[in-house]
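What follows is one structure encoded as C-alpha cells, with my remarks underneath.
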Amino acid sequence: MFKSMKSRIAVAAAASMICMTAGATDITGAGSSFVYPVISKWSAKFAEKTGNHVNYQSIGSGGGIAQIKAGTVDFGASDKPLDEATLDKFGLGQFPDVIGGIVPAFNVPGIDAGKLVLDGKTLSDIFMGKVTMWNAAEIAKLNPGMKLPAQKITVVHRSDGSGTTYNFTHYLSQVSPTWKSKVGEGTAVNWPAGIGGKGNEGVSAYVKQIKGSIGYVEYAYALQNHIGYAIMKNAAGKVVKPETKTFQAAAATADWKHAKNFKLLITNAPGANAWPITATSWVIMYKQPKNVEHTKVTMDFFKWAYEHGQDDARSLDYVPLPASLVKQIETYWKTEYKM
Amino acid sequence: MQANRPETAARDIEHRSRKDARHDRIFRGILRFCALLVLAALLGAALSTLWGGREVLFKDGFHFLTSDAWNPVTDNYGALAPIYGTLVTSIIAIVLAVPVSFGIALFLTELAPGWLRGPVATAIELLAAIPSIIYGMWGLFIFVPFMADHVEPHLADTLGKIPFIGAVFDGPPLGLGILTAGIVLAVMILPFISSVMREVFQTVPSRLKESAYALGSTTWEVVWDIVLPYTRSAVIGGIFLGLGRALGETMAVTFVLGNSYNITASLLMPGTSISSSIANEFNEAVGLHRSALIALGFLLFVVTFIVLLIARLMLRQLAKREGK
C-alpha cells in the first residue's frame with residue numbers, strides 16, 4: 001500500500017513535470033459579460049486539449065477595453081468595436097469572436113411567441129414612446145387579422161450599460177432618422193420612455209411581470225425564460241424568425257471585406273434571410289505584444305474555438321462565425337500581427 | 001538595611017508611576033490613531049470621489065446640480081433625477097417605518113407579556129440580518145406583482161381621482177416605482193429604528209413611569225409625556241440611523257425602482273436613485289460618464305452630511321427648548 005502511494009506520488013510528480021516542460025501557459029482576458037459563458041466553456045475544453053488555461057473575467061466591455069489599454073490582460077473583449085484612431089494610438093487590433101441575436105420580447109396576453117410581426121420603424125416608434133397602444137394602426141397594419149388588445153405599451157430597457165443596448169440602439173438609429181437624431185446609439189442612452197431592468201435577466205423579469213410590456217433581450221434569454229418574442233421584417237422586406245440560420249445569414253451578408261479592423265455592426269444586414277438585430281462581440285489584442293508567447297496562445301485559443309468550439313457555442317445559443325469570416329480573420333492575423 | 005527600605009519603595013513607586021505614565025501615553029496614542037483613522041478614511045473617500053468627479057462637477061458652473069438630463073450619448077449629465085429619487089424614496093421609507101417602529105418598540109417594552117418579548121425582538125433583529133439583495137429579489141418577484149395587481153390600481157382609482165393630491169397617485173400600475181421602493185426600504189430600515197427605540201425605552205427609570213401611572217395616567221399618556229421626552233434625543237438618533245441606511249441602500253432599490261431618469265410628481269412612476277444609478281452603469285461607463293457617476297457618489301456624501309446636520313440642529317433646538 002505504501003508502495004502504491006509512493007508510486008502514485010511519483011506519477012503525479014512526473015505528470016506535473018511533463019506539464020511544466022510542455023510549457024502550460026495561462027493567459028488572461030477580461031471584458032464583455034455577453035461572451036463570458038461561451039469563453040469559459042471553450043477555455044475548459046481548450047485546457048483539456050492543450051494544458052493552457054484561459055482565465056476570463058467578465059467585468060463588462062468598458063472594463064475590458066480599459067484593461068487591455070493598460071496592458072494588464074492578454075486580450076480584451078468588447079461588444080462595441082474600437083474606432084480606428086484608438087486602435088492605431090494603442091497599437092491594437094480587433095476581430096470578432098462570436099455572434100448573437102437580440103429579439104424584441106413582449107408580454108401581451110393572447111399573442112404567442114413568434115407570431116407578432118414588427119418592423120424597424122414601428123419598433124423605434126414604440127421605444128420612442130410614440131406608439132403607445134398595442135392596437136395602434138402601425139402594429140395592426142403589420143399583423144393583419146390578428147386580434148390586438150387595447151392595452152397600453154410599457155417599454156422595458158436595460159438600466160445598465162451594455163453591448164446589447166449598443167447593438168439595439170444602433171439598429172434603431174439605422175432604421176429611424178428620428179431615433180438617430182433624438183436618442184442616438186450607445187451602451188447606455190437617454191431613453192425617451194419606459195423602465196429599466198438590470199441585465200438581460202432584469203429585463204426578462206420585468207417583461208414577464210408587466211402585462212403589455214415590450215423589451216429587448218438576447219435570444220437565449222427569451223428562449224430560456226419562455227418569453228414571447230416578435231418576428232421582424234428585415235432590410236430586404238422579408239419577415240424572418242430569430243434563429244441560428246438567420247443570425248448567421250446576417251453575419252454572412254454583412255460587408256466584412258470593406259470593414260477595416262472588422263469594425264462593422266451587422267444590424268440591419270441586407271441579406272434576404274438576415275435577422276435585423278444581430279450582434280457581434282470583438283476580441284482586442286496588441287499587434288506588437290509585449291508577451292509574444294501569450295498572444296500566440298490566445299490566437300491558438302480562438303483558432304481552436306472557431307474550428308472546434310462551434311457546437312459549444314450553439315449549445316449556449318450563440319452563433320459561430322461563418323467560415324468565410326473565419327478565413328478573413330486568419331488572414332488579418334497574418335498580415336496585421338507581427339510576431 | 002532598614003533605612004534602605006523606604007528608599008527602594010519610593011524608587012519602586014516612582015518607577016511604576018513613570019511606567020504607568022508611559023503606558024498611558026501609548027494607550028492614548030493608539031486611541032487617537034484609531035479615531036483619526038476613521039477621519040482619514042472619510043476624508044480620503046470624500047476627496048477621492050470629489051477628484052474623480054471633478055470633470056463633471058465643475059463643468060459649466062452648477063450644470064450638474066441643476067440639470068435633470070442624463071444622456072450618455074451626448075455626455076450631458078445632471079444629478080437632479082437621482083437626487084430626487086434618493087430623497088423621495090427615503091422620505092417615504094421614514095414616514096412609513098417610524099410609526100410602525102414606534103409601535104413595535106412600545107409594544108415590546110410596555111405592553112407585551114414576558115414570553116412574547118424575546119421571540120418578537122429576535123425576529124426583528126433577524127430582519128436586519130437579511131442581505132439587501134434578498135429584499136430586492138423578494139421585492140421584484142413577490143411584492144411588485146402584488147402592488148401591480150392589488151394596490152396600485154386601487155390607489156389610482158381612489159386617491160388618484162382627487163384633485164391636486166391625485167397627481168401623486170396617478171400613473172400606470174406597473175408595480176415598480178418610487179412608492180414600491182419606498183415601502184421596501186421601510187421594511188429594511190424598520191429593524192434598525194425599532195431596536196434602537198426598544199433599547200432606549202428600556203432605559204426609562206420605572207420610578208418615573210410608575211409615578212405617572214400612580215397619578216392616574218393612561219399608557220398613552222405615560223408614553224407620550226414620560227417615555228418619549230426622556231428618550232427623545234436617542235429616538236431621533238435611531239431615526240436618522242435608519243434614514244442614513246435608506247439613503248445609501250443600493251441593491252434592493254435597483255430591483256424595484258424602475259431605473260428611469262424621471263422627475264415626476266407621481267409616486268407610481270419609475271425613478272432612479274444615486275446609488276442605483278452607480279450600481280447600474282459603473283461597469284460599462286468610460287470617460288465623462290464614469291466621472292459623472294463618481295460625482296454622484298460625492299453628492300451622496302453631501303446629501304447624507306446635510307441630513308446628519310439637520311438631525312444635529314434638531315437635537316440642539318430640542319435641547320434649547322427643554323432648557324428654557
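By convention in this document, chain letters (A, B, ...) are assigned in the order of the sequence lines, proteins followed by strands, and residues within each chain are numbered from 1.
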Quick check on [X] against chain B: is it the side chain, the backbone, both or neither that has a heavy atom closer than 4.5 Å?
X      : value
A/S213 : neither
A/T187 : side chain
A/V183 : backbone
A/I59  : backbone

Over 60° means perpendicular and under 30° means parallel, so tell me whether [X] and [Y] are parallel, tilted or perpendicular.
X      : Y      : result
A/F75  : A/Y56  : parallel
B/Y135 : B/W138 : perpendicular
A/W191 : A/F127 : tilted
B/Y261 : B/W70  : parallel

If we define contacts as heavy-atom pairs under 4.5 Å, which of B/L176, B/T254, B/L174 has the most with chain A? B/L176

Options B/N71, B/N262, B/T74, ranked by heavy-atom pairs under 4.5 Å with chain A, top entry: B/N71

What part of B/F255 gets within 4.5 angstrom of chain A, counting heavy atoms only: side chain, backbone, both, or neither? backbone

Side chain, backbone, both or neither of B/A69 within contact of chain A (heavy atoms, under 4.5 Å):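 Contact with chain A is absent: no heavy atom of B/A69 under 4.5 Å.
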
Among A/S61, A/G186, A/G184, which has the most heavy-atom pairs under 4.5 Å with chain B? A/S61

In terms of heavy-atom pairs under 4.5 Å with chain B, the winner among A/A205, A/G197, A/G196 is A/G196

Counting only N and O atoms by type, is there a donor-acceptor contact under 3.5 Å from the side chain of A/S124 to the main-chain atoms of A/L172?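 Looks like no, no N/O pair under 3.5 Å.
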
Check for me whether B/R290 meets the cation-pi criterion with B/F282, that is, NZ or CZ under 6.0 Å from the six-membered ring centre and within 45 degrees of the ring axis. yes

Is a side-chain donor-acceptor pair under 3.5 Å present for A/S43 with A/S40?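 No.
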
